[in-house]
Amino acid sequence: MPLLIRSSYISQLHLTNSKPSSSPNQIPSKSLSFSSFNHNPLINLVYKINPTMQNLTFPSSTTVKSSLIEPDGGELVELFVPKSEIDLKKAEADSMPKVNLTKIDLEWVHVISEGWASPLKGFMREDEYLQSLHFNSLRLKDGTFVNMSLPIVLAIDDQTKEQIGVSKNVALVTPQGDIIASLRSVEIYKHNKEERIARTWGTTSPGLPYVEEHIAPSGEWLIGGDLEVFEAIKYNDGLDHYRLSPKQLRKEFDNRKADAVFAFQLRNPVHNGHALLMNDTRKRLLEMGYKNPVLLLHPLGGFTKADDVPLDVRMEQHSKVLEDGVLDPETTIVSIFPSPMHYAGPTEVQWHAKARINAGANFYIVGRDPAGMGHPTEKRDLYDPDHGKKVLSMAPGLEKLNILPFKVAAYDTVEKKMAFFDPTRAKEFLFISGTKMRTYARTGESPPDGFMCPSGWNVLVKYYESLQESDESSKQQTVVSA
């Protein structure tokens with residue numbers, strides 16, 4: 001099956017029959033200057049291959065607005081306090097009631113503050129929460145709608161609610177004890193956890209990772225308001241240079257003179273099937289008439305479940321994929337998407353797509369069972385694997401985004417490489433799931449030749465070897481203590 005695209009003008013046309021838009025409403029490309037975020041080493045790899053790109057100069061006074069697609073609401077929302085006001089705002093926050101953030105709460109502050117959830121300007125008040133929970137969208141003042149499929153909310157307990165009292169403003173405190181933001185003109189309302197879980201996941205079965213980690217232990221109240229963040233969120237984990245904001249990504253797309261940006265989200269290491277898909281997508285966009293399609297390889301960097309490969313290992317593996325030339329560094333931008341993972345299937349995939357609109361991507365690749373997981377108590381998928389792409393093709397507020405459902409790739413045992421699945425030769429294809437891939441690496445068993453670039457596979461093997469060494473060390477310590 002060929003790739004299909006869906007936009008406000010085109011519905012389910014063969015990709016090769018489409019051409020780049022020449023609509024008079026399209027915003028002309030704007031030239032922008034390089035900034036300090038370009039110390040991302042995977043961007044630097046481009047300049048080693050093509051040094052002339054580094055010498056490009058652009059006017060610095062241009063408004064940051066990608067030429068490809070407008071942010072939701074028409075303007076990218078950034079919620080950082082101006083430098084000239086930081087000291088004053090921090091002093092005000094010192095005297096406010098305090099709300100302690102969890103690690104996941106802090107990830108949401110990061111998401112909101114950089115504009116991934118534009119036009120949202122803070123944690124949701126009740127009317128926004130109810131619209132998101134029941135309609136998967138928000139109605140703007142002009143009557144239009146933007147997609148907002150996941151409630152972005154901050155929970156507090158009874159004690160914190162009592163301390164806030166009638167105060168209209170609160171300070172937000174990190175797990176390390178630092179005041180990093182304030183929430184103003186706050187509204188406190190009831191946190192009906194069962195309703196939230198049922199409507200977001202379609203089940204209240206025990207074992208949902210995000211629920212058990214974040215919602216179940218959280219307070220019985222939600223607090224919403226306007227967010228003011230004192231400085232950009234940093235994790236100091238050696239990966240902050242990969243965390244490009246929507247504003248920075250839009251600059252980079254324009255710097256590279258991209259006329260199409262296709263985003264691919266993943267929370268697993270990149271194998272050659274992924275690469276086949278991404279390279280094939282670029283080829284098809286070129287056939288459509290685009291001159292410089294750029295891939296946004298956008299691994300999720302927030303909360304993930306315990307058996308997922310950690311972010312630092314994934315980023316090292318991704319860098320090997322580019323170094324080995326499996327993906328072209330000159331037409332690929334690797335950046336971290338800071339959102340926590342819900343594993344909420346078709347509901348969550350809308351959020352993933354919407355956030356990439358705000359980052360400036362005008363094409364979004366969606367595959368089998370996006371944002372899905374196995375049922376927590378039964379031996380089956382929690383969601384129909386085809387529903388994610390079907391929902392994206394109909395979701396309100398995503399009409400301007402081109403959705404690219406991809407063909408299924410599997411390991412061709414005859415050709416000994418990853419290839420698009422041919423149902424007429426079904427028995428000659430081997431499907432290697434993320435779980436199977438992790439099992440290979442954990443047990444030291446090599447995957448079939450051609451499944452993943454060798455240097456990328458070695459990263460995974462070393463990671464799982466380190467886990468085994470850690471487990472053995474722990475057992476030895478337990479024996480000694482006994």
**Request:** In sequence, state the C-alpha distance, the side-chain angles, and the governing distance for Ser118 and Asp72, and then conclude on side chain to side chain donor-acceptor pair (under 3.5 Å).
**Result:** CA-CA 6 Å; Ser118 292; Asp72 278 346; over 6 Å; no
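- The closest donor-acceptor contact from the side chain of Thr281 to the backbone of Leu277 lies under 3.5 Å.
- The number of heavy-atom neighbours closer than 6.0 Å to CG of Asp142, taken from other residues, nucleotides and ligands shown, is above 12.
- Ring to ring, Tyr464 and Tyr440 are not that close: their centroids are 6.0 angstrom or more apart.
- More than 12 heavy-atom neighbours from other residues, nucleotides or ligands sit within 6.0 angstrom of CD on Glu85.
- Aromatic ring centres of His342 and Trp201: separated by under 6.0 Å.
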**Message:** Does Leu222 form a side chain to side chain contact (heavy atoms under 4.5 Å, CB included) with Met124? I'd like the steps, not just the answer.
**Reply:** CA-CA 9 Å; Leu222 298 175; Met124 291 179 175; over 6 Å; no
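- For the pair Met437 and Pro269, the minimum side-chain heavy-atom distance is below 4.5 Å.
- Proximity of the aromatic rings of Tyr210 and His214 is defined here by a centroid distance below 6.0 angstrom, and this criterion is met.
- Close placement of the Trp116 and Phe337 rings is indicated, their centers lying within 6.0 Å of each other.
- Seen from the ring of Phe253, Lys251 does not count as a face-on cation partner, given the 6.0 Å and 45° thresholds.
- Lys320 has a carboxylate O that lies under 4.0 Å from a charged side-chain N of Glu323, or vice versa, which qualifies the two as a salt bridge.
- Note on Asp254 versus Arg250: no salt bridge recorded, every NZ/NE/NH1/NH2 to OD/OE distance being 4.0 Å or above.
- In this structure, the ring of Phe421 has its center less than 6.0 angstrom from the ring center of Phe429.
- For Lys305 and Asp307, the salt-bridge test passes: some basic side-chain N is under 4.0 Å from an acidic carboxylate O.
- Between Phe264 and Tyr364, the distance from one ring center to the other does not fall under 6.0 angstrom.
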